[in-house]
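Here's the structure, in structure tokens; my notes come after.
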Amino acid sequence: MNTLLEYEKINGGVTAPKGFLASGIHCGLKKKKKDLALIYSTVPAYAAGIFTKNRVKAAPIYITKDHLINSKARAIICNSANANTCTGKTGLEKAKAMTILQGNELNIAAEEVLVSSTGIIGKDLDLESIKQAIPTLTKNLSTNGSKDAASAILTTDKYIKELSFEFKINNKKVRIGAIAKGSGMVHPNMGTILSFITTDVSIDPNLLKEALKDSGKISYNRISVDGDTSTNDMVLILANGLAYNDKITEKNKDYYTFLKALNLLNIELSKKIAKDGDGATKLIECTVQGAKDEIEGEKIAKRIITSNKIKASLFGGKINFENIILLLGLETSHINENNIDIFIETKDASIHAIHEGFMINYDKKILKEILKADSITIKIILSKRPSTVTVWGCDLSLEYIRITGDYRNLKGGY
């Protein structure tokens with residue numbers, strides 16, 4: 001069956017699955033925009049997370065990881081505008097306090113609340129504003145609150161990112177939904193973004209954790225905006241079982257049906273994050289076929305999408321295919337330049353530019369039109385080996401420099 005028919009895209013984001021509510025409000029951390037979000041399961045849920053590998057970690061990372069020890073949670077509270085990073089013992093106390101305050105308001109244990117922050121690093125978190133806002137944040141919880149929550153977690157993002165699917169497990173309708181943010185400091189090792197996922201699927205907590213980890217490897221860990229791995233970023237998932245499917249307790253057909261849905265969700269969100277990179281005008285997709293294995297293929301593809309020369313030239317509507325060949329040799333010794341084929345494509349057109357290491361004649365008018373597109377794919381074939389890896393990035397614009405150079409003074413932001 002066609003994947004698009006098996007997995008129907010629906011509205012609702014994190015509140016599309018049964019039993020989930022969300023809200024997002026302005027509490028005063030930003031000047032005007034929403035800056036505090038809450039996601040809540042009306043019943044107990046299993047939970048799992050994956051986190052940044054940056055050795056400098058935000059205070060909420062430590063609290064959330066501690067609260068996930070028993071693989072259970074019911075709520076996620078997240079503020080934007082302030083990362084609560086490099087804030088020492090006080091930062092840890094304030095992150096913990098957010099879970100206590102929110103837990104009290106929901107009448108659940110603080111350990112059932114996961115906490116996240118994003119924004120400026122090294123700035124003391126205004127806990128009092130959050131404390132005053134939590135009653136309203138909780139009161140505003142609704143089945144229509146996903147967009148408000150998605151808006152409240154944004155930093156320099158240009159638009160909200162939410163997605164949800166409905167599909168069947170053993171003839172039971174189940175749903176999965178998510179909101180995400182990510183714009184700058186995006187280069188995965190896990191991390192670089194925030195993504196909060198909900199599902200009403202009934203699944204063993206260890207399998208939930210494994211599915212999230214495996215899905216993250218081929219989605220969030222395959223995007224890059226600027227080569228910098230953030231201190232704050234995490235992907236969290238809550239599964240409350242309200243779809244009442246037969247509980248997934250082994251890696252059977254039902255497990256892989258769920259994993260496919262999770263992959264579809266996370267890959268599409270990852271592409272949205274890459275396309276919304278600070279100052280970006282183009283999504284750059286790079287597919288490498290024929291590397292020694294997936295690990296090598298991923299390194300090669302990331303080398304292409306993180307090259308400032310490639311990124312800047314695509315912003316300017318140009319591309320130098322010889323530069324791509326030079327970059328290939330930096331990440332692998334298993335390369336024969338006489339076997340390399342390179343294509344550049346959009347959904348409507350394709351150019352075969354390099355064949356067996358040599359530039360071939362192609363229609364420069366078609367190439368010019370391809371380079372105007374807002375989504376471009378670079379496809380590289382190294383050999384007849386079976387491995388195929390795809391990663392996503394964005395171009396490098398003058399706007400990126402402006403945003404990065406004046407981050408604290410952005411209009412409507414901090």
Side-chain angles (χ1 to χ4, degrees), residues 7-27 33-49 72-80 102-103 105-108 112-116 118 133-154 157 159-169 172-182 193-203 208 212 215 234-245 258 261-262 264-266 268-269 272-273:
Y7 300 90
E8 181 184 358
K9 193 176 292 187
I10 60 174
N11 296 325
V14 289
T15 57
K18 293 178 181 177
F20 284 98
L21 309 174
S23 63
I25 65 171
H26 173 250
C27 76
K33 297 179 181 178
K34 292 183 176 68
D35 50 18
L36 191 62
L38 177 63
I39 300 166
Y40 174 61
S41 174
T42 58
V43 299
Y46 288 127
K72 295 179 181 179
R74 289 183 65 177
I76 302 168
I77 184 170
C78 177
N79 71 273
S80 57
Q102 187 60 73
E105 196 67 28
L106 290 168
N107 198 27
I108 61 176
E112 294 182 275
V113 181
L114 309 180
V115 60
S116 178
T118 183
I134 281 177
T136 301
L137 182 71
T138 308
K139 182 181 178 181
N140 284 8
L141 282 169
S142 78
T143 55
N144 298 314
S146 181
K147 277 187 167 56
D148 286 337
S151 177
I153 67 174
L154 302 183
D157 309 62
Y159 57 86
I160 67 170
K161 301 164 187 69
E162 67 168 356
L163 188 63
S164 43
F165 289 99
E166 184 176 84
F167 55 107
K168 287 186 177 181
I169 290 181
K172 285 277 189 179
K173 283 187 177 181
V174 299
R175 291 182 171 187
I176 190 169
I179 60 173
K181 64 82 53 181
I193 42 80
L194 299 180
S195 181
F196 305 131
I197 306 164
T198 61
T199 181
D200 50 21
V201 167
S202 178
I203 183 171
L208 181 70
L212 181 63
S215 185
M234 62 176 77
V235 177
L236 301 174
I237 185 168
L238 302 179
N240 66 14
L242 285 181
Y244 297 112
N245 59 288
F258 171 71
L262 186 60
L264 283 172
L265 182 90
N266 288 337
E268 186 162 340
L269 285 173
K272 289 177 182 290
I273 290 167

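Below, each value reflects all heavy atoms present in this structure, side chains not excepted, and no hydrogens, waters or symmetry copies. Please read all numbers here as calculations on a predicted model, not as lab measurements.
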**OP:** List in chain and number order the residues that pass side chain to side chain contact (heavy atoms under 4.5 Å, CB included) with Asn140, two or more places apart in sequence or in another chain; answer none if no residue qualifies.
**Re:** Ser23, Ile25, Thr136
**OP:** For Ser195, enumerate each residue passing the side chain to side chain donor-acceptor pair (under 3.5 Å) test, keeping only those at least two apart in sequence or located in another chain.
**Re:** Tyr220
**OP:** Could you tell me the separation between the CD1 atom of Ile237 and the CG atom of Leu212, rounded to the nearest 0.5 Å?
**Re:** 5.5 Å
Original post:
Can you tell me if Ser80 uses its side chain to pair, donor with acceptor, with the backbone of Ala152 under 3.5 Å?
Top reply: yes
**OP:** Check the pair Phe165, Glu8 against side chain to side chain contact (heavy atoms under 4.5 Å, CB included), reporting the backbone distance first and the verdict last.
**Re:** CA-CA 5 Å; Phe165 289 99; Glu8 181 184 358; over 6 Å; no
Original post:
To the nearest 0.5 Å, how far apart are CG in Asn79 and CD1 in Ile153?
Top reply: 11.0 Å
Original post:
At what distance, to the nearest 0.5 angstrom, does CG of Leu264 lie from CG of Leu163?
Top reply: 9.0 Å
**OP:** May I have the step-by-step check of side chain to side chain contact (heavy atoms under 4.5 Å, CB included) for Leu194 and Cys78, ending in yes or no?
**Re:** CA-CA 10 Å; Leu194 299 180; Cys78 177; 3.8 Å; yes
Subject >> Set of side chain to side chain donor-acceptor pair (under 3.5 Å) partners for Thr199, sequence neighbours left out >> reply: none
Subject >> Main-chain N/O of Val14 paired with Thr198 side-chain donor or acceptor, under 3.5 Å >> reply: yes
Subject >> Residue pair Ala47 / Ala73: nearest heavy atoms and the distance that separates them >> reply: CB-CB, 3.7 Å
Subject >> Where Asp200 and Arg175 come nearest, the two heavy atoms and their spacing >> reply: OD1-N, 2.8 Å
Original post:
If you round to the nearest 0.5 Å, how far is CZ of Arg74 from CZ of Phe20?
Top reply: 10.0 Å
**OP:** Considering non-hydrogen atoms only, spot the tightest contact between Ile273 and Lys181 and give its length.
**Re:** CD1-O, 4.0 Å
Subject >> Any residue meeting side chain to side chain contact (heavy atoms under 4.5 Å, CB included) with Ala75, in chain and number order, not counting sequence neighbours >> reply: Leu38, Tyr40, Leu106, Ile108, Val113
Original post:
Do Leu114 and Phe196 have side-chain heavy atoms sitting under 4.5 Å apart?
Top reply: no
Subject >> Residue list, side chain to side chain contact (heavy atoms under 4.5 Å, CB included) with Lys272, at least two apart or on another chain >> reply: Tyr159, Lys161, Glu268, Leu269
Original post:
Can you name the nearest heavy-atom pair linking Ser41 to Ala45, along with the distance?
Top reply: OG-CB, 4.1 Å
Original post:
So, for Asn11 and Ala16, which heavy atoms are closest and what is the spacing to 0.1 Å?
Top reply: O-CB, 3.6 Å
**OP:** Quickly, which of Leu238, Ile203, Leu262, Val201 forms a side chain to side chain contact (heavy atoms under 4.5 Å, CB included) with Leu208? Name it, please.
**Re:** Ile203
Original post:
Is there a donor-acceptor pair closer than 3.5 Å between any side-chain N or O of Ser164 and the backbone N or O of Gly177?
Top reply: no
Original post:
Who pairs with Thr138 by side chain to side chain donor-acceptor pair (under 3.5 Å), at least two apart in sequence or on another chain?
Top reply: Gln102
Original post:
With a 4.5 Å heavy-atom cut-off, do Ile179 and Ser146 have their side chains touching?
Top reply: yes
**OP:** Only counting residues at least two apart or in another chain, list the ones meeting side chain to side chain donor-acceptor pair (under 3.5 Å) with Asp35.
**Re:** none
**OP:** Begin with the C-alpha distance, continue with both residues' side-chain angles, and end with the deciding distance and a verdict on side chain to side chain contact (heavy atoms under 4.5 Å, CB included) for Leu236 and Ile39.
**Re:** CA-CA 11 Å; Leu236 301 174; Ile39 300 166; over 6 Å; no
**OP:** Run the numbers on Phe167 and Ile176 for side chain to side chain contact (heavy atoms under 4.5 Å, CB included), then give the verdict.
**Re:** CA-CA 9 Å; Phe167 55 107; Ile176 190 169; 3.9 Å; yes
**OP:** Could you pull out all residues at least two apart from Lys173 that satisfy side chain to side chain contact (heavy atoms under 4.5 Å, CB included)?
**Re:** Glu166, Lys168
**OP:** Please round to the nearest 0.5 Å and tell me the distance separating atom OG1 of Thr143 and atom NZ of Lys18.
**Re:** 13.5 Å
Subject >> Counterpart residues, salt bridge (charged side-chain N to carboxylate O under 4.0 Å, His left out), relative to Glu105 (two or more places apart) >> reply: none
Subject >> Test item: Thr15 side-chain N/O and Gly12 main-chain N/O as donor-acceptor pair under 3.5 Å >> reply: yes
Original post:
Is there a donor-acceptor pair under 3.5 Å between the side chain of Asn245 and the backbone N or O of Ser202?
Top reply: yes
Subject >> Non-neighbouring partners of Lys34 that pass salt bridge (charged side-chain N to carboxylate O under 4.0 Å, His left out), sequence neighbours left out >> reply: Asp148
**OP:** Indicate the atoms forming the closest heavy-atom contact of Ile160 with Lys147, along with that distance.
**Re:** CD1-CG, 3.7 Å
